[in-house]
Engineer: 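Next up is a structure, given as structure tokens.
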Amino acid sequence: MRLPLTLLGLALTVILALPAQQATAQQTTRQQYIAMLSQVHLDPDMRQEMKSSGFKGAQLDVVMAHIQALFSDRDLSGYLADRMIEVDQGKRSRQEGLWDWLEPLTDRGLPHLSTQDMAIYLSTDLALLRSLNTGACARTVKGRDTYKAASRALTSMAPDALAQFYRISQAATKAGLRHARAPQLSEKAELAAWEDIMSELDEQIVGHRNYNQFRDALDNMSRAPNPIACATGRYMLQSVLNVQGTNRRAALQLFLIPGS
């Protein structure tokens, strides 16, 4: 469950509308795009969009501070500006947007983070997963309706927890900008991590009346009944977090490396 940019996904239409309001595609330069992004947190439509999404009070302040910090980063805003220009030049589809450019950065950046930050990120994911009802939880585990489920869960988070979650998300995005690819685990490290994860999982589910269904769900989550899929996803995340010792970092990375 990788959800660091849900907040930004909610705001994309607002951000991407700004250049059209302020300059034509032919007139917009790299520096103008960078300047627009650095000021987007000041746009009243952005704040209203976040309010409409369910953020309020201190939560809303956290969200707006996150947007300001993220788009004030010159390296990141320059990266985005370059892609906006490529859209203007017809080198990229106009169907692409910030989400398409930011998500890969964050995905490959997450497993580059410190072991502590990876653990905090996955702990937050687990808390979000536990906050969802069975249907929403199962859809999220199966990779369906992740955006809506995460949006609802994020608006229920305490401001301090939300700030920490987005601090780590922002660090991951910047790490993805610095690194051309996610770290790769050796076959030996991957096998050792999986062994520890499955050992932790068995400790949680051995003796459970649904043990066989949980194990079957690991092989084909999409066909698992919703209660089984949801429970299996929660157990699996907890198992990853329970791994300690020399394989802990690899276990966390294994769950975060794209395509793993």
Side-chain angles (χ1 to χ4, degrees), residues 1-4 6 106-144 146 149-150 153-154 156-158 161 164-165 167-169 171-172 175 182-260:
M1 184 179 172
R2 301 189 189 100
L3 306 172
T6 298
T106 306
D107 280 355
R108 73 180 183 233
L110 278 168
H112 281 290
L113 297 182
S114 69
T115 301
Q116 181 180 16
D117 276 353
M118 284 192 292
I120 292 172
Y121 178 83
L122 286 179
S123 294
T124 305
D125 268 2
L126 180 57
L128 293 176
L129 205 58
R130 286 174 171 165
S131 74
L132 301 174
N133 63 43
T134 300
C137 169
R139 289 191 296 274
T140 301
V141 169
K142 294 177 182 182
R144 308 167 188 165
T146 303
L154 287 172
S156 68
M157 289 179 68
Q164 181 168 249
F165 185 63
R167 174 189 65 78
I168 294 173
S169 299
Q184 302 298 305
L185 297 177
S186 68
E187 184 177 353
K188 180 179 179 180
E190 186 172 333
L191 288 173
W194 268 121
E195 184 176 328
D196 281 3
I197 291 170
M198 297 311 293
S199 176
E200 292 291 343
L201 179 65
D202 272 344
E203 283 194 24
Q204 294 186 79
I205 66 176
V206 164
H208 195 289
R209 60 188 176 87
N210 292 324
Y211 175 83
N212 290 333
Q213 288 180 281
F214 292 146
R215 295 297 300 225
D216 289 343
L218 292 175
D219 294 329
N220 195 338
M221 191 68 75
S222 64
R223 298 187 64 180
N226 282 353
I228 297 298
C230 176
T232 303
R234 290 170 177 171
Y235 280 134
M236 179 57 78
L237 255 179
Q238 186 62 68
S239 299
V240 173
L241 289 164
N242 286 350
V243 173
Q244 300 295 326
T246 57
N247 293 324
R248 177 168 175 76
R249 180 170 180 81
L252 295 168
Q253 286 178 313
L254 193 60
F255 212 70
L256 289 171
I257 292 173
S260 61

Engineer: Is R234 reaching over with its side chain to a backbone N or O of L129, donor-acceptor style, under 3.5 angstrom?
Structural biologist: yes
Engineer: How far does CH2 of W194 sit from CZ of F255, to the nearest 0.5 angstrom?
Structural biologist: 7.0 Å
Engineer: Keeping E200 on the side-chain end and V243 on the backbone end, is there a donor-acceptor pair under 3.5 Å?
Structural biologist: no
Engineer: If you look at every heavy atom in L113 and A175, which pair is closest and at what distance?
Structural biologist: CD2-CB, 4.4 Å
Engineer: Which heavy atom of D107 sits nearest a heavy atom of P111, and at what distance?
Structural biologist: O-CD, 3.2 Å
Engineer: Looking at every non-hydrogen atom in both residues, tell me the closest pair between S222 and N220 and how far apart they are.
Structural biologist: OG-OD1, 2.8 Å
Engineer: Got a second to check how far M157's CE is from F165's CZ, nearest 0.5 Å?
Structural biologist: 6.5 Å
Engineer: Just checking, is any N or O donor in the side chain of Q204 or S239 under 3.5 Å from an acceptor N or O on the other one?
Structural biologist: yes
Engineer: Could you tell me the separation between the CG atom of N247 and the CG atom of D196, rounded to the nearest 0.5 Å?
Structural biologist: 4.5 Å
Engineer: Using the side-chain contact (heavy atoms from CB on, under 4.5 Å) definition, which of the options I120, T106, T124 pairs with I168?
Structural biologist: I120
Engineer: Side chains of R249 and Q116: any donor to acceptor distance under 3.5 Å?
Structural biologist: no
Engineer: May I ask you to check whether over 12 heavy atoms, not counting those of E187, lie within 6.0 Å of atom CD?
Structural biologist: no
Engineer: CZ of R215 to CG of L201: how many Å apart, nearest 0.5 Å?
Structural biologist: 6.5 Å
Engineer: Would you compute the distance between atom CG of N210 and atom OH of Y235 and round it to the nearest 0.5 angstrom?
Structural biologist: 8.5 Å
Engineer: Closest approach of Q253 and P183, non-hydrogen atoms and distance?
Structural biologist: NE2-CG, 3.8 Å
Engineer: For the atom pair CG (L241) and CZ (R248), what is the distance rounded to the nearest 0.5 Å?
Structural biologist: 6.5 Å
Engineer: Is it true that a side-chain atom of T232 and a backbone atom of I228 form a donor plus acceptor pair closer than 3.5 Å?
Structural biologist: yes
Engineer: Around atom CD of Q184, are there more than 12 heavy atoms of other residues, nucleotides or ligands at under 6.0 Å?
Structural biologist: yes
Engineer: Does a side-chain N-to-carboxylate-O contact under 4.0 Å join R223 and D216?
Structural biologist: no
Engineer: Can you name the closest pair of heavy atoms from M236 and M198 and give their distance?
Structural biologist: CE-SD, 4.3 Å
Engineer: Do you know the tightest heavy-atom contact between L110 and M118?
Structural biologist: O-CG, 3.5 Å
